There are 2 protein chains.
Amino acid sequence: MADEFKQITNFDRLIHEPSRLAIMAVLSACENADFTFLLNATGLSKGNLSSHLSKLRDAGYVNITKGFKGNYPHTTCALTRGGRRAFDAYRKQYLALARRLKK
Amino acid sequence: MADEFKQITNFDRLIHEPSRLAIMAVLSACENADFTFLLNATGLSKGNLSSHLSKLRDAGYVNITKGFKGNYPHTTCALTRGGRRAFDAYRKQYLALARRLKK
DNA sequence: CAGATATGGTTTGTACTGTCAACTAGTTTA
DNA sequence: TAAACTAGTTGACAGTACAAACCATATCTG
């Protein structure tokens, strides 16, 4: 039958979590994005976004750069090479299951 | 831009969890399955499978029937109507994101 | 100038969840 | 009768997500 179902349990949970999946999806599309932009794009609360970003940074998936824009602090995020690789791998698994579910 | 990314955070987490997603995917394909079959199909441990099944039953997504097959206890599981509906809804969201990720 | 409000976040607390190891309960084998 | 197997369930523990509170600074408002 299908190892495909077994594969599901191997999804990268760090990415699979909906909040982080949204973040990763946005970042993979936008190349780099600031905190406020992610806030709007994902609909997450600030606290949530902050902690998920920290987790993704700790995993080495995103790079967080803090600086200033005018007088306000300003945080920009981008996928690292590793993050992009991890997301590509996830995407592959995701799409494999999608093909299964389509039928 | 895209509400699609916001939609991600609305995934039904009960189904989205990889272990349960595997279970639901199998059940949606097989119409009804016994414990051992699910064990093999998903690769989960018995304890894990048991507790996830309980959760899905508590949510009203699967129906669990206990009986005997010969002398051994025997548990069969099937999606309820509600479970099938929920899974269909999830599938729709899943595939919508898949289309996004394909590009 | 004092106070209120906005920006851009971080930290904390709580409640939930997933997972594995250990256990129950009965059956077969030798 | 003792060991090993089938078919599960339960308990304990670690990890997580989320909201609410908090912080620092900057800019308006009267």
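Because the structure is predicted, anything quoted here is derived from the model rather than measured. Just so we're on the same page: letters track the sequence lines, and every chain starts at 1.
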Taking the side chain from A:Thr42 and the backbone from A:Ile23, do they hold a donor-acceptor pair closer than 3.5 Å?
no
Residues pairing under salt bridge (charged side-chain N to carboxylate O under 4.0 Å, His left out) where one sits in residues 30-44 of chain A, two or more places apart or in two chains, turn out to be A:Glu31-A:Arg84
Per-nt protein contacts along nucleotides 17-26 of chain C (heavy atom under 4.0 Å; B base, S backbone sugar-phosphate only, - none) come out as SSBSB-----
Looking at A:Thr36, I'd like to know whether one of its side-chain N or O atoms comes within less than 4.0 Å of OP1 or OP2 on C:dG8.
yes
Table please: side-chain donor-acceptor pairs of residues 86-93 of chain B below 3.5 Å, with sequence neighbours left out.
| unit_1 | atom_1 | unit_2 | atom_2 | d |
| --- | --- | --- | --- | --- |
| B:Tyr90 | OH | B:His16 | ND1 | 2.7 |
| B:Arg91 | NE | A:Leu101 | O | 3.4 |

Using the salt bridge (Lys or Arg N to Asp or Glu O under 4.0 Å) criterion, which residues pair with A:Arg13? Sequence neighbours excluded.
B:Glu17
Looking at residues at least two apart in the chain, or sitting in another chain, which of them share a salt bridge (Lys or Arg N to Asp or Glu O under 4.0 Å) with A:Arg57?
none
Euclidean distance, atom [atom1] of residue [X] to atom [atom2] of [N] [Å, nearest integer]:
| X | N | atom1 | atom2 | result |
| --- | --- | --- | --- | --- |
| A:Phe35 | D:dT25 | CZ | C1' | 16 Å |
| A:Asn40 | C:dT7 | CG | P | 11 Å |
| A:Leu38 | C:dT7 | CG | C1' | 16 Å |
| A:Leu53 | D:dA17 | CG | C1' | 14 Å |
| B:Asn10 | D:dC18 | CG | C1' | 14 Å |
| A:Ile15 | D:dT16 | CD1 | P | 14 Å |

Where at least one partner belongs to residues 39-69 of chain A, residue pairs that pass ring-ring contact (aromatic ring centres under 6.0 Å, His included), sequence neighbours excluded
none
